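Note that the coordinates shown come from a computational prediction; the quantities given were computed from them, not determined experimentally. In what follows, every chain begins at residue 1, and chains take the letters A, B, ... in the order their sequences are listed.
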Protein chains: 2
Amino acid sequence: MNPEGRPQAPLMSNPRADRVRDVAKLAGRPSRLKTGRYLAEGPQAVREALSAHRAAAAEGGPAVVHEVYATQGCLDRLPELADLARGVSLRLATNEVLAAMADTVSPQGIVAVCNVSTATLQDVLASGARLIAVLCEVRDPGNAGTVLRAADSAGADAVVLTASSVDIYNPKAVRSTAGSLFHLPVVTGAEFGEVMDALHAAGLTILAADGYGNVNLDRLQDLSAVRRLTPAGADGNDGDAALPQLEQPTAWLFGNEAQGLSDAELAAADHRVAVPLYGSAESLNVGTAATVCLYASARAQNG
Amino acid sequence: MNPEGRPQAPLMSNPRADRVRDVAKLAGRPSRLKTGRYLAEGPQAVREALSAHRAAAAEGGPAVVHEVYATQGCLDRLPELADLARGVSLRLATNEVLAAMADTVSPQGIVAVCNVSTATLQDVLASGARLIAVLCEVRDPGNAGTVLRAADSAGADAVVLTASSVDIYNPKAVRSTAGSLFHLPVVTGAEFGEVMDALHAAGLTILAADGYGNVNLDRLQDLSAVRRLTPAGADGNDGDAALPQLEQPTAWLFGNEAQGLSDAELAAADHRVAVPLYGSAESLNVGTAATVCLYASARAQNG
């Protein structure tokens, strides 16, 4: 028996074993699609995965973590991980086995095979979502991860990646979310048109983040601040009545890093909102633009 | 004579020539320190470098670009680059030579050897800077590039990297700035204490971006919006009088991605300002935090 009272399975020491190869294959999309699983690597990601797993279990939700592989050294160093892993299949393995499983050069002694989120947009909307980020054809894993992390920090209720966006479960994307992947529902593989229909039906205002947009984000923030802070709340002129209110339930659309949102995507939004550029930069990268937009909404909604 | 009226030098076709190796060596820090030069790769970066070069020349400033190497195919495809390069040494080279020079797999037919910025903090401050980003021990080139790009978008007057920060002229950092490196003065190699002394002497408010800060950025933004938008401008209570005003000339300190700002760095600031986290993220990455902070200042200063 190990300290957790779990029967001790034999140490995995063969980096060429079938089971090791199956885990390593999760770095590739075909294996992820076939198994519905992906790999989280390193103590930080595994800790977040296990915490999310426990929270889901407490609510009777689907399992987040399928199994964990760790070195004895890692568990000795970070005993809280073995604690968090109670009720989850945990196998001891050598450093060589961990290295063969992982995409990173050094997984720091622990990896978790996780189940792809089964969250649906319908579930998210039914629970009264007020802030959603929709990624349309974002292709770079690092950018997708940055947007997800910003959405988490801004308290967004969900992130939706349309079908043609990068696979958020690829190892680089998982890493770049720095654990935020486990903090909020992530809906993947949705068709753009269906997402728009569902958001509209739920009464969310759809704002397209667009460098050429005719609505200035600063103006929306100012109007929101005045509504929040002054008794009368009356600063605007007649034209302002047509502008979206950041306090309202909102979905933000963020587009491809090179082309931005397509004409069809822009047409589906209620408003096209520009983040102002004060300097001589030609554009914001999608991670930066998403940060500014989502924080503006979060500020207004949490006033 | 080529179309630009420049005598046609022989095509460079030997990827093992000394000159090619000297350019390639600029990917390494020793060569950059020795020569005071670095490499910008690809049409976007070279275009920005040449535009900055022309602007500097018009003002009698130091040369930004030392020399350009390009394939004939690239110049045929993007004739405006040859145009922009008038007055700069431009050598034709083969694809193989370009590939041997560049750090990227595909430099897309053009690279520029650039001179490291000679901007000093004294120059920046003498010209009346109102918004400065200071990077303290930021180590990841991608993060440094993201902060520089955010500073550019927010119209900051300069970015300062203290001596122990990443070298902004390393190829990955140059790439991640997406041209913003050429849009605003970048001061490198400065000692932290000297930077603080100069900023204080120039009357800038020094704000440390700190997740544990006791001043909430949202509160500062609200107070600023009310001052800007309401006739009386009186919303605050007595405690607010001690808070910094985002409209005032400001330098933001951003710290190491893992440890944040050190105690000594925090102590040097006038205030410690926290970007609120609305979700369950443990922290913002430095690029995201810098974006929110610099945009908050830009908004207040451009009211």
Side-chain angles (χ1 to χ4, degrees), chain A residues 44 48 51-52 55 131 142 145-157 176-180 182-184 217-218 221-226 228-232 234-236 275-285 287-292 294-299 301-303, chain B residues 44 48 51-52 55 131 142 145-157 176-180 182-184 217-218 221-226 228-232 234-236 275-285 287-292 294-299 301-303:
Chain A
Q44 187 203 11
E48 302 289 331
S51 298
L131 183 57
T146 301
V147 174
L148 212 150
R149 200 168 170 183
D152 181 21
S153 307
D157 298 293
S176 67
T177 70
S180 285
F182 303 105
H183 292 166
L184 75 173
L217 182 65
D218 278 348
Q221 290 191 272
D222 281 353
L223 291 170
S224 172
V226 168
R228 184 168 63 246
L229 293 168
T230 59
D235 152 76
V275 176
L277 293 167
Y278 294 106
S280 50
E282 288 178 29
S283 64
L284 291 170
N285 74 27
T288 303
T291 300
V292 174
L294 293 169
Y295 256 86
S297 286
R299 176 68 197 112
Q301 294 186 354
N302 294 276
Chain B
Q44 188 202 10
E48 302 290 331
S51 298
L131 183 57
T146 300
V147 174
L148 212 151
R149 200 169 172 184
D152 182 20
S153 307
D157 297 294
S176 68
T177 70
S180 285
F182 303 106
H183 291 167
L184 73 174
L217 182 64
D218 278 348
Q221 289 191 273
D222 281 352
L223 292 170
S224 172
V226 168
R228 183 168 66 245
L229 293 167
T230 59
D235 152 79
V275 176
L277 292 168
Y278 293 107
S280 49
E282 287 177 29
S283 66
L284 291 170
N285 74 27
T288 302
T291 299
V292 173
L294 293 170
Y295 256 86
S297 287
R299 176 67 198 112
Q301 294 186 353
N302 293 275

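With sequence neighbours excluded, no residue forms a salt bridge (Lys or Arg N to Asp or Glu O under 4.0 Å) with B:Asp157. Annotation: side-chain hydrogen bond (donor to acceptor under 3.5 Å, both in side chains) contacts of B:Ser297 (sequence neighbours excluded): B:Trp252.
Residue A:Gln301 does not touch chain B at all, counting heavy-atom pairs closer than 4.5 Å.
Distance check: A:Leu229 CG to B:Asp222 CG gives 4.5 Å after rounding to the nearest 0.5 Å.
Options B:Leu277, B:Thr291, B:Asp218 differ in how many heavy-atom pairs under 4.5 Å they form with chain A, and the most are formed by B:Asp218. Your options are B:Ala298, B:Ser180, B:Ala225, and the one with the most heavy-atom pairs under 4.5 Å with chain A is B:Ala298. Among A:Ala290, A:Gly142, A:Ala156, A:Pro276, the residue with the largest count of heavy-atom pairs under 4.5 Å with chain B is A:Pro276. Most heavy-atom pairs under 4.5 Å with chain B: of the set A:Ser153, A:Ala150, A:Gly179, this distinction falls to A:Ser153.
Between A:Arg299 and A:Arg228, some side-chain heavy-atom pair lies under the 4.5 Å cut-off. Looking at heavy atoms from C-beta onward, B:Asn285 lies in side-chain contact with A:Arg149 at the 4.5 angstrom threshold.
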